[in-house]
Each structure stands twice: as structure tokens, then as C-alpha cells.
Amino acid sequence: MYWLGIDLGTSGIKAVIINETGEVVSMGYAEQNVITPKSGFAEQNPEVWWEACCSAVKMAVSKGNILGMEVRAIGFSGQMQGLVLLDSMGNVIRNCIIWMDQRAADEVKVIDEMSCKAGIDTLDITANDCLPTFWAPKLLWIKKYEPETYEKINKILFPKDYLAFRMTGEMAAEVSDGSLSFLMDVPYRRWSTEMFELLGIPKSFVPNRLLESTDIVGELKASVAGEWGLKAGIPVIIGGGDQIANGIGTGIIREDVMGASIGTSAVVFGCSRKPFIDYNKRAIQSLCHGIPDLWCYLGLSLTAGASLKWMRDVIFREKKAEFEKQGKEIYDYITSIASKAAVGSGGVLFLPYFNGDSAPNNDPNARACFFGLSLNSDMPELCRSVMEGVAFSLRETIEVCRQTGKNIDTIRVSGGGSKSRLWRQIQADIFDASIATMSVEEGPACGAAIMAAVGSGYFSSVMEGCDAIVRVKDTIEPIRENVEIYDEYFHLYRSLYKDLRQSFKERAALI
């Protein structure tokens, strides 16, 4: 019994085939790039997604030493908040404005003014403060700056739902992605007519079908199945946004379990029995979970893992090319350098804000910087400070959760940041919590496969699927001496943003 999980990430697309015991039988991967036409802008071409998806799936099927015909269903995980615009023929109109794009900051202010003037408390409807990454402000930006594009819009889809459309010919959205559109009634898990009318956005833009994460979008088209080596007509399950899928893939389906994921972005993720609403405007995002009677929340650091990728591509550019020729992993080299620095990186601190910051500062103008460099600072301090800075950015959200009374003793980690033992130890020490890794490393793709197994009827519920497949592999405990050192640095880290907020704003005005 096999299921295919497809994870549409920002850096690339993974395709994972798992069996009923959670064993990863095979995996395929295809990389893709982010297009940055201006500072604060971030786009991707949906056609590149489709090509990468085809490559990744065919790689997984050919590697698996199984008959593709034995795959019973397909499920999705996908980067969230991306705006895919389609015309009346179902063709893509322009590049997708993805989740890390900050261009619509002024439109957020417009939306706030509109809701105040109308006397509508949008928190009661959307369970979120509006962020520039959401669908609604992006659409208002398109309407203002690209009116000819806006006039062509027939439907809008989230990234993973675009892939499902290409596979099945059917259009749909689902509740976890929809939660961050600012067009959905999150407590009632439905589109909000009131929000469409308030913002002047046609409700016809969104798919009529708003599904739960384990619902079937449609059947795999024969033409696609033939190319991929799969059986035509197998069910395609809509799945969930990548954080929801990762939550399922790492077993974060109960309120007493929390997760932290470091990929291109970094996320702290938990779940609750009702929408988690942050009334202090710290950009803690509230969503419907992939389980119908659960909601979840997350705090997002926009370019956390991308910070280490920046070091790889800029500071270690020549070494990266050398390692690629030798078939070696450059990230292992970077972390080995970082391991030579002391806890606290000799007083060097790094703010991971390459494209703004989401939680808890909610500032599109914030930018990355090193603080505390001296003539004694060397490459080990630079490398380790980036890893520590990412963990500090996640701790800010963890502290918000602790302030609400959540007991956080163990955190399940995933993504690229979970593969480095050094980075896991840094997280344990900075979070002051046990850090657990899971038996299946590819959390989002695993979650997608579990949702496929549920949607196709093998498991009766997501909880049953998680109990059968998801297991803790190992745990790292915090080192008490390091915890005390990092507490001191964390207080300094938090003060840096406050001191620089006005400077970030002035810099943005200059360019």
C-alpha cells in the first residue's frame, strides 16, 4: 500500500512515496528559484512549479523499485499565501506573488481604514490581523498597479491547488490555505461574503469548492498518469498548507505538542480547539487545521533558513561550486565551521530579516544585519551567529505562546534546520526545551501522504494515520550552562530590533 505526498516548497518540490508503516520508499526532488524584481518583491513562475513537480514525481517513481500503479492516492503540501491568477481559459496571467512578498504593505493600511470606517472588527471574522502577504492586500495592489492584469482575473488559486488543477482539471481551495487569504470566516471554516463586499473583491474570483484537507479534489488525468507512470483515475486529495501538512507529518495534532520548522522560512506551530487570536498585533497567524474540529497557529520568520542559504550562495560561492563537483554537502561544511565558535558567537548577533519580519515584529521594512563584529570575529562566529539568530527569531514566538499559558517543554523540529545536530542543540539551548526529531524527516511531504491515505479511505482519521506512521526518533536536551548564556543574548537580540525599527523605516524611504 503506497501513497504519494507532494510538497511544493519555495526552494524546490519534493515527492515522497510512503507505505502504511511510514517508511519512505523513495523520494524525488527538483529545485527552483525565487524571482526578486525589486526589494521586498518575491515571485515564482507556476509553470516552473509544474515542470519541477513532474520531474520530482517521475524521479520518485523510478527510484522506488515499485510499480507506480500501486500508488493509491496523491496528497499535497504547499507554500502558503501565494497568489496564482488565472484567466477564463485557466491559463496563468502573471508570476505568482509568493508568501514572502512585502509589496502590499500600504494596502494593509487601506484595508484597516476600510474596516474602521465600516465599523467591522475583522478579527472576529478572519481571526487574523491583515498582513501584506495575504491574498486580499495583494489583490488590491494588483488592482491599483496592474489594472490590466486585474481585469483578466477569472479565478485565483493557492500554489498547491494550482498543481491539483493541472492534475485533475478541477478547481478548489481548502480551509488551511484559505485562512490566510483575509477573505475567509475562519471560525466557521467558510468564505466570508462580508469580507468580499467590504474590500470590493468579486467573490467569483475564488473557487466555489472550499474543502477540508482530506477531501478529494478530483481524479488524476490519464495524460498526467501516463507521463508519471501512475494509475489513471486515482484520487487526488487537496491536502493542506505546508505548515499544516508539516504539523500532521510530525504529529502536532494535540494541544500539548508544539513544533518548529526551519526551511526557507522558519515557523513555530501549535494547535488549539478554537481559533487562536492574538489581540496584540504580533502577526501570530491563526488557521484551520487539517483536522476538521481543530485550529492551529503559527509564528513566521520570513527568511530564516534563507539566511543560511544566502551565506552559502554569497560568502561560500566558490566553495559551493567546488563541493557540488565533488558531490559533497556544503551545509555540512558551513555547520562544521560554526561548531568552532563559542556559545554566543563571541558577541556577534544576526538579525535574519532579509525580506522583512513577520512574527512578532510585523515589519516589512526590517532587513538582515550583523551586530557586534570586532577584529576578533572570524568565519566561525559569522556562521554560528546566523544559526543562533534564526533560533532567537523563533524564540520570540515561543515566548508569546508561553505568555498565553502554554507549557512548552518539548518541541518537535523539522525542515533543513533539524538535520544539523549543532543547530538542534542551539535550538534546545535557546528555547530551553527538549528538541525531538521524527522518524520521517520530510514532515510536509509525509503529512501530505497521510492526508492522501485518509482521503482515500485507508485510515479513518488523521489522528489514526499519525498514530500509525509518526514516531519520535531521538531527543536532545538543553545544556543548562548554555541556556543561561543564551538568555542574556536573547534580551540583547530583542532590543536590537526595537532600536533599529525607525532606521529600517528610513532606509526603506531612501530606496
Side-chain angles (χ1 to χ4, degrees), residues 9-11 32-46 48 79-85 93-113 128-147 149-150 156 158-159 180-182 263-267 281-283 285 299-311 313-314 350-370 386 389-390 393 396 496-498 500-511:
T10 308
S11 300
Q32 60 206 18
N33 294 317
V34 175
I35 303 165
T36 53
K38 294 181 181 179
S39 178
F41 285 34
E43 303 180 353
Q44 288 184 320
N45 183 345
V48 172
Q79 53 168 290
M80 305 182 75
Q81 306 179 50
L83 185 72
V84 181
L85 306 179
I93 300 171
R94 73 178 313 283
N95 284 340
C96 172
I97 304 176
I98 66 171
W99 58 271
M100 67 169 68
D101 190 283
Q102 298 288 317
R103 75 184 70 185
D106 288 342
E107 282 63 40
V108 170
K109 297 174 186 175
V110 171
I111 289 172
D112 287 343
E113 291 168 0
N128 286 283
D129 284 310
C130 190
L131 300 177
T133 54
F134 290 176
W135 264 10
K138 288 174 179 174
L139 283 167
L140 295 187
W141 187 94
I142 293 285
K143 187 176 184 179
K144 181 176 181 179
Y145 294 103
E146 298 181 8
T149 299
Y150 192 84
I156 52 179
F158 291 102
L180 302 184
S181 65
F182 214 65
T264 301
S265 63
V267 170
K281 294 184 178 295
R282 290 171 294 194
Q285 298 172 24
L300 175 66
S301 181
L302 287 172
T303 53
S307 298
L308 202 64
K309 184 176 184 290
W310 174 84
M311 289 201 76
D313 294 343
V314 177
F350 175 75
L351 303 183
Y353 307 145
F354 277 99
N355 213 45
D357 186 42
S358 185
N361 299 312
N362 191 16
D363 185 357
N365 295 324
R367 286 298 179 269
C369 55
F370 288 98
V386 170
V390 169
S393 71
E396 289 190 291
L496 285 175
Y497 170 76
K498 295 174 184 176
L500 288 169
R501 185 180 183 97
Q502 181 59 31
S503 297
F504 286 143
K505 185 176 180 179
E506 292 173 6
R507 173 201 171 274
L510 287 174
I511 62 169

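Sequence positions, counted from 1, serve as the residue numbers for this chain. Remember, predicted model here, so these are calculated numbers, not experimental data.
Side-chain atoms of Gln81 do not come within 3.5 Å of backbone N or O of Pro132 as any donor-acceptor pair. Looking at Lys138, its side chain never comes within 3.5 Å of a backbone N or O of Leu83 through a donor-acceptor pair.
Summarising the geometry, atom CE belonging to Met80 is positioned 4.5 Å from atom CG belonging to Leu180; distances are rounded to the nearest 0.5 Å. Annotation: the span from Leu500 atom CG to Leu351 atom CG amounts to 6.5 Å, rounded to 0.5 Å. Interatomic distance, Asn95 CG to Ile35 CD1, rounded to the nearest 0.5 Å: 4.5 Å. A distance of 9.5 Å separates OG1 of Thr36 from CD1 of Ile98, quoted to the nearest 0.5 Å. We find the OH-SG distance between Tyr497 and Cys369 to be 11.5 Å, quoted to the nearest 0.5 Å.
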Apply side chain to side chain contact (heavy atoms under 4.5 Å, CB included) to residues Glu396 and Asn361 and explain how you reach the verdict. CA-CA 9 Å; Glu396 289 190 291; Asn361 299 312; 3.9 Å; yes
Should Ser358 and Leu131 be marked as a side chain to side chain contact (heavy atoms under 4.5 Å, CB included) after you check the CA-CA gap, both sets of side-chain angles, and the distance that decides it? CA-CA 8 Å; Ser358 185; Leu131 300 177; 4.1 Å; yes
Go through it in stages, so that I can follow the logic: the residues are Asp101 and Phe41, the test is side chain to side chain contact (heavy atoms under 4.5 Å, CB included), and I'd like the CA-CA distance, side-chain angles, deciding distance and then a yes or no. CA-CA 5 Å; Asp101 190 283; Phe41 285 34; 3.7 Å; yes
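Smallest separation of non-hydrogen atoms from Gly82 and Pro159: O-CD, 3.5 Å. Taking both residues in full, the closest heavy atoms of Phe158 and Ser181 are given as CZ-CB, 4.1 Å, listed atom of the first, atom of the second, then distance. What you find for Gly40 and Asn355 is that their closest heavy atoms are CA-OD1, 3.4 Å.
Between Phe370 and Phe350, the ring planes are tilted. Angles from 30° to 60° get that label.
Applying the side chain to side chain donor-acceptor pair (under 3.5 Å) test to Ser39 and every residue at least two apart in sequence or in another chain returns Arg367. Every residue two or more places apart in sequence or in another chain was checked for a salt bridge (Lys or Arg N to Asp or Glu O under 4.0 Å) with Asp357, and none qualifies. Residues that satisfy the ring-ring contact (aromatic ring centres under 6.0 Å, His included) test with Tyr150, not counting sequence neighbours, are Phe205. Qualifying side-chain contact (heavy atoms from CB on, under 4.5 Å) partners for Pro137, counting only residues two or more places apart in sequence or in other chains: Ala104, Glu107, Val108, Ile111, Cys130, Phe134. Remark: Asn365 pairs with Asp363, Phe504, Lys505, Ala508 by the side-chain contact (heavy atoms from CB on, under 4.5 Å) rule, at least two apart or across chains. Remark: Lys281 pairs with Asp129 by the side chain to side chain donor-acceptor pair (under 3.5 Å) rule, at least two apart or across chains. Applying the salt bridge (Lys or Arg N to Asp or Glu O under 4.0 Å) criterion to Arg94, with sequence neighbours excluded, gives Glu43, Glu146. Every side-chain contact (heavy atoms from CB on, under 4.5 Å) that Ile93 has, sequence neighbours left out, goes to Leu85, Asp87, Thr149, Lys152, Ile153. Legend: residues meeting side-chain contact (heavy atoms from CB on, under 4.5 Å) with Glu506, ordered by chain and number and at least two apart, are Gln502. Residues that satisfy the side chain to side chain donor-acceptor pair (under 3.5 Å) test with Trp99, not counting sequence neighbours, are Thr10. Qualifying side chain to side chain donor-acceptor pair (under 3.5 Å) partners for Gln44, counting only residues two or more places apart in sequence or in other chains: Trp49, Gln79.
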Taking only distance into account, with no hydrogens and no angle test, what donor-acceptor pairs under 3.5 Å do side-chain atoms of residues 299-311 form with protein atoms, sequence neighbours excluded?
{"unit_1": "Ser301", "atom_1": "OG", "unit_2": "Ser393", "atom_2": "OG", "d": "3.2"}
{"unit_1": "Thr303", "atom_1": "OG1", "unit_2": "Pro352", "atom_2": "O", "d": "3.1"}
{"unit_1": "Thr303", "atom_1": "OG1", "unit_2": "Phe354", "atom_2": "N", "d": "3.0"}
{"unit_1": "Ser307", "atom_1": "OG", "unit_2": "Thr303", "atom_2": "O", "d": "2.7"}
{"unit_1": "Ser307", "atom_1": "OG", "unit_2": "Ala304", "atom_2": "O", "d": "3.3"}
{"unit_1": "Lys309", "atom_1": "NZ", "unit_2": "Asp313", "atom_2": "OD2", "d": "3.1"}

